[in-house]
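Everything below concerns the one structure shown next.
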Amino acid sequence: MKILFCLAILLHTATSEIHDIVVSGVFESSIMTYNYTQSREYCLSQNATLATLEQVTRAQNTSFQTCRYGWVKEQQIILARTTATKSCGSNHIGIIKQEPCGYYIAPSAYCYKFNVVTGVFHVESQSGKYNLTFAEANSTCVGLNATVATESQLRVAHAAGFQTCRAGWVAEQKIFISRTTPAAECASGEVGIKEYPGTNEKSDVFCFRSDLNHTDVYVVYPPFGNSSMTYSEATQQCLSLGDSLASNKQLRSAPTPISDGIPGWSKDNDVVQFSSGNLTITPCVNEPSRLASAYCFNPNITDFIPVRTKDDKLWLKITMVCIIASIFIILLMAAAFMRGNNCICCARPKKPAQDSTLEKDNGLHHPRWNKTSMYIPKDDIFHQIPAYQNNDAGTKPSVLSKALNTGYRSHTFTNYGFESTPEDSEHSFDKTHPDRSPAGVNPQDASPGNSHMYSNAGFDGTY
């Protein structure tokens with residue numbers, strides 16, 4: 001974790017440029033990020049309010065800049081820059097809006113109709129000029145929310161300055177061309193409304209829309225079933241009507257005012273609407289759940305612009321501190337896991353050494369070769385020594401000492417079913433049975449040597 005924290009500091013140092021700047025009461029939150037609601041709450045916790053776009057713009061004009069995008073009151077995520085830097089704003093300066101800004105979905109769009117006069121406009125087939133029958137011409141106008149213009153409507157438009165260099169159908173199933181100025185390539189240089197021979201079976205068409213009787217811009221709405229549309233959807237909707245999105249300039253210069261209070265997309269990627277005949281731009285906003293810093297405003301805070309001195313070796317200093325800290329932590333952990341010269345995580349408890357010839361039975365060790373052996377406490381060893389029983393003062397101290405020191409290996413064992421042999425009598429450690437009967441004689445059976453009981457007090461020699 002320490003190493004990761006150091007890497008984060010290095011990355012932040014390499015990419016950040018200005019810290020803790022306050023200009024005209026505007027300042028940015030720390031490196032933490034917030035959604036739109038949280039950004040408002042953060043500014044309130046700092047005794048401030050979420051700054052407006054105008055307040056940040058005013059501060060930016062007075063040398064305020066940051067390298068982190070942040071929320072403003074208009075629900076936009078912006079970046080304020082006064083100097084061009086590739087790592088901050090991609091070398092752009094000013095108030096940079098974070099894209100995409102299309103979360104704002106408008107309920108309509110403003111389209112622009114090219115060369116429409118008193119509601120009359122010219123349309124050709126999608127497959128090329130002069131390629132519509134009258135029936136196809138009628139369907140084409142219907143698809144553009146229009147009807148085939150009448151000869152009368154065409155003459156009104158001509159009087160208002162409407163002209164084309166192409167002929168087209170009118171509702172009376174006639175083909176006309178409208179010219180206001182002579183041109184050799186158009187209608188052989190003639191002017192006025194000229195009718196073409198009725199033998200023509202295909203041509204273009206003149207359509208009419210009553211809502212364009214006094215303007216060249218109009219409002220379109222989303223397809224059936226939708227209540228709003230994005231910018232790209234608005235563009236496609238205008239194209240489907242043979243037109244383009246209206247620019248803000250075209251909307252301001254519209255011949256007649258458009259109805260107030262209808263928000264719609266413009267070609268400039270803005271959502272606009274008219275208010276008392278004036279075009280107002282509604283800023284495009286960001287999705288409120290997106291994370292960014294926060295631009296706060298407190299008019300009572302004193303301006304603070306830190307003087308930044310370029311230190312090309314700062315990253316090296318931080319790297320050295322991180323390396324030293326990491327080494328210290330490693331040594332500290334090693335010391336915590338060492339016991340003497342061994343690592344406690346690798347040590348294993350050692351089992352006490354024991355005689356391989358012994359077997360453990362209820363906590364006592366007995367020779368494997370003696371299955372009938374029994375443990376005799378040290379204090380009882382002396383009672384197994386005939387000389388001690390007889391209070392023989394001549395008993396060798398070495399024998400007693402040896403019996404005492406090796407008493408834990410003393411055994412009493414019996415041997416039944418073997419006949420007495422001279423070797424048995426000669427090698428018996430105890431020449432007398434516990435019942436004082438002669439060696440090799442069973443007290444219950446006068447026959448010699450049918451049973452023996454030897455007492456071995458663990459001595460290497462006899463006494």
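The figures that follow rest on heavy atoms only: side chains count, while hydrogens, waters and symmetry mates do not.
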With side chains defined as the heavy atoms from C-beta onward, is the minimum distance between Ser29 and Tyr34 less than 4.5 Å?
yes
Taking the side chain as C-beta and beyond, is there a heavy-atom pair between His158 and Thr180 under 4.5 Å?
yes
Tell me whether Phe328 at atom CZ has more than 12 heavy atoms from other residues, nucleotides or ligands lying less than 6.0 Å away.
no
Would you compute the distance between atom OG1 of Thr52 and atom CZ of Phe297 and round it to the nearest 0.5 angstrom?
7.5 Å
Over all atoms of both residues, closest heavy-atom pair of Glu195 and Lys174
OE2-CD, 3.7 Å
May I ask you to establish whether Lys267 and Tyr112 are in a cation-pi arrangement, using a distance under 6.0 Å from NZ or CZ to the six-membered ring centre and at most 45° from the ring axis?
no
Stepwise, does the side chain to side chain donor-acceptor pair (under 3.5 Å) test hold for Asp204 with His122?
CA-CA 8 Å; Asp204 295 341; His122 174 268; 3.1 Å; yes
Please list all pairs passing the salt bridge (Lys or Arg N to Asp or Glu O under 4.0 Å) test where one or both residues lie in residues 210-236, with sequence neighbours left out.
Arg209-Asp211
Heavy-atom neighbours of Lys73 NZ exceed 12 at 6.0 Å
no
Is any side-chain heavy atom of Pro263 closer than 4.5 Å to a side-chain heavy atom of Gln273?
yes
Donor-acceptor contact present, side-chain Gln65 to main-chain Thr82, <3.5 Å:
yes
With rounding to the nearest 0.5 angstrom, report the OH to CD distance, Tyr221 to Gln237.
12.0 Å
Minimal non-hydrogen separation, Leu53 against Gln76, with atom names:
CD2-OE1, 3.6 Å
Are any side-chain N or O atoms of Arg179 and backbone N or O atoms of Lys194, one a donor and one an acceptor, separated by less than 3.5 Å?
no
Please report the interatomic distance OH(Tyr218) to SG(Cys238), rounded to the nearest 0.5 Å.
5.5 Å
As a quick check of understanding, evaluate side-chain contact (heavy atoms from CB on, under 4.5 Å) for Tyr196 and Ser203, giving each step before the final call.
CA-CA 10 Å; Tyr196 280 79; Ser203 183; over 6 Å; no
Kindly indicate whether the side chain of Thr66, heavy atoms from C-beta on, has any atom under 4.5 Å from the side chain of Leu79.
yes
Donor-acceptor pair, distance only, cut-off 3.5 Å: does the side chain of Ser276 make one with the backbone of Asn278?
no
Nearest heavy-atom pair of Thr118 and Ala160: which atoms, and what distance?
CG2-CB, 3.9 Å
Smallest separation among heavy atoms of Tyr110 and Ile262, with atom names
OH-O, 2.6 Å
Are any side-chain N or O atoms of Asp268 and backbone N or O atoms of Ser247, one a donor and one an acceptor, separated by less than 3.5 Å?
no
With no hydrogens and no angle check, is any side-chain donor or acceptor of Asp243 less than 3.5 Å from a backbone partner on Cys111?
no
Quick one: does Gln163's side chain have a donor or acceptor within less than 3.5 Å of a partner on Thr181's backbone?
yes
Specify the closest pair of heavy atoms between Glu28 and Ser293, including all atoms of both residues, with the distance to one decimal.
OE2-CB, 3.3 Å
Within a strict 4.5 Å, meaning less than it, do heavy atoms of the Thr280 and Phe274 side chains meet?
no
Does Trp169 form a side-chain contact (heavy atoms from CB on, under 4.5 Å) with Asn138? I'd like the steps, not just the answer.
CA-CA 9 Å; Trp169 290 103; Asn138 186 67; over 6 Å; no
If you draw a 6.0 Å radius around CG in Leu279, do more than 12 non-hydrogen atoms from other residues or ligands fall strictly inside?
yes
Side-chain donor/acceptor of Arg290 to backbone N/O of Asn35, under 3.5 Å
no
Validation: residues 40-50 side-chain donor-acceptor distances under 3.5 Å, sequence neighbours left out:
from	atom 1	to	atom 2	distance (Å)
Arg40	NH1	Tyr36	OH	3.1
Ser45	OG	Tyr42	O	2.4

The reported gap from CZ in Phe121 to OG1 in Thr164 (rounded to nearest 0.5 angstrom) is 13.0 Å
Could you state the interatomic distance from OG (Ser178) to CZ (Arg166), rounded to the nearest 0.5 Å?
14.5 Å
Indicate the atoms forming the closest heavy-atom contact of Leu245 with Ser266, along with that distance.
CD1-O, 4.0 Å
One pair to check against side chain to side chain donor-acceptor pair (under 3.5 Å): Ser125 and Ser127. What are the steps and the verdict?
CA-CA 5 Å; Ser125 170; Ser127 58; 2.9 Å; yes
Roughly how far apart are Ile78 CD1 and Ile96 CD1, rounded to 0.5 Å?
9.5 Å
Assess the residue pair Thr57 and Glu54 against the criterion (side-chain contact (heavy atoms from CB on, under 4.5 Å)); give the C-alpha distance rounded to whole Å, side-chain angles, the decisive distance to 0.1 Å, and a yes or no.
CA-CA 5 Å; Thr57 302; Glu54 180 182 358; 5.6 Å; no
Would a distance-only check, ignoring hydrogens and angles, find a side-chain to backbone donor-acceptor pair under 3.5 Å from Ser188 to Glu190?
no
As a quick check of understanding, evaluate side-chain contact (heavy atoms from CB on, under 4.5 Å) for Glu172 and Thr150, giving each step before the final call.
CA-CA 7 Å; Glu172 290 79 7; Thr150 64; 3.8 Å; yes
